[in-house]
Amino acid sequence: MRVAIASDHGGYSLKRQLLKRLGDTGDSFVDFGSDSEESVDYPDYAFEVAGRVASGEFDRGILLCGTGIGMAIAANKVNGIRAATVHDLFSAQATRAHNDSNILTMGGRVVDSELAEQIVRVWLKTPFESGRHARRLETIHRVEQDGINTAARTKEES
Ligand code: RB5
């Protein structure tokens with residue numbers, strides 16, 4: 001699998017650790033920065049990776065910041081992206097099986113590198129279960145395309 005990875009300063013050290021540890025997965029990881037612990041803005045890195053995953057240039061993305069949360073908020077603004085912040089093994093498996101997440105985000109200030117490595121391994125190898133979960137993703141996709149008609153809803157409710 002082709003995996004795009006990036007971090008801000010809060011996730012930089014974790015990214016370095018992961019790239020060192022994940023050489024044996026058979027996947028190719030391409031690093032889109034940042035390149036130091038100097039302060040940078042996480043949305044710039046989130047959009048760099050999310051755009052490449054959404055376009056099909058990469059199969060998956062991994063984004064690391066202090067909490068993983070800012071990266072997920074930004075990445076999920078890109079059509080076609082399903083980014084999940086994960087800090088445990090159950091969620092790593094579930095967000096692939098149920099949500100078909102295509103971007104994994106983690107916080108370098110939240111999770112240690114050993115657990116993060118296991119999370120990535122589970123997340124990379126777990127397939128999407130489809131079935132009822134596909135129907136739910138179709139609903140999300142429809143809103144992503146068409147938006148929610150909030151004006152009509154407010155009228156109905158009043
Ligand atoms: C940077 O200090 C921090 O806000 C960022 O790494 C991330 O945690 C944002 O969600």
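As the structure lists them, so they are numbered: ligands from 1, and atoms in each ligand from 1. In this text, all values refer to a predicted model and were calculated from it rather than measured experimentally. Below, each value reflects all heavy atoms present in this structure, side chains not excepted, and no hydrogens, waters or symmetry copies.
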> What protein heavy atom is closest to atom 2 (O) of ligand 1, reported as residue, atom name and distance in Å?
Replying inline: R109 NH1, 3.3 Å
>> When you compare ligand 1 with G70, is there at least one nitrogen or oxygen pair between them that comes in under 3.5 angstrom?
In response: yes
> Do the side-chain N and O atoms of T67 and R109 include a donor-acceptor pair separated by under 3.5 angstrom?
Replying inline: no
>> Give me the nearest non-hydrogen protein atom to atom 1 (C) of ligand 1 as residue plus atom name, then the distance to 0.1 Å.
In response: H9 NE2, 3.5 Å
>> The test is ring pair (Phe, Tyr, Trp, His ring centres under 6.0 Å); show your working for F58 and F32 and say whether it passes.
In response: CA-CA 12 Å; F58 284 82; F32 289 95; 5.6 Å; yes
> Should R121 and D24 count as an ion pair when the cut-off is N to O under 4.0 Å?
Replying inline: yes
> Using a distance-only test with no angle check, is there a side-chain donor-acceptor pair under 3.5 angstrom linking T25 and D27?
Replying inline: yes
> Closest non-hydrogen protein atom to atom 8 (O) of ligand 1, residue and atom name please, with distance?
Replying inline: T67 N, 3.0 Å
>> Is there a polar contact, in the sense of an N or O pair closer than 3.5 Å, between G66 and ligand 1?
In response: yes
> What is the distance from atom CG of D8 to atom CG of D41, rounded to the nearest 0.5 Å?
Replying inline: 8.5 Å
>> Counting only nitrogen or oxygen atoms and a 3.5 angstrom limit, does D8 reach ligand 1?
In response: yes
> Is the shortest distance from a Lys or Arg side-chain nitrogen in R82 or D100 to a carboxylate oxygen in the other one below 4.0 Å?
Replying inline: yes
> Would a search of protein heavy atoms around atom 4 (O) of ligand 1 find one under 4.0 Å away?
Replying inline: no
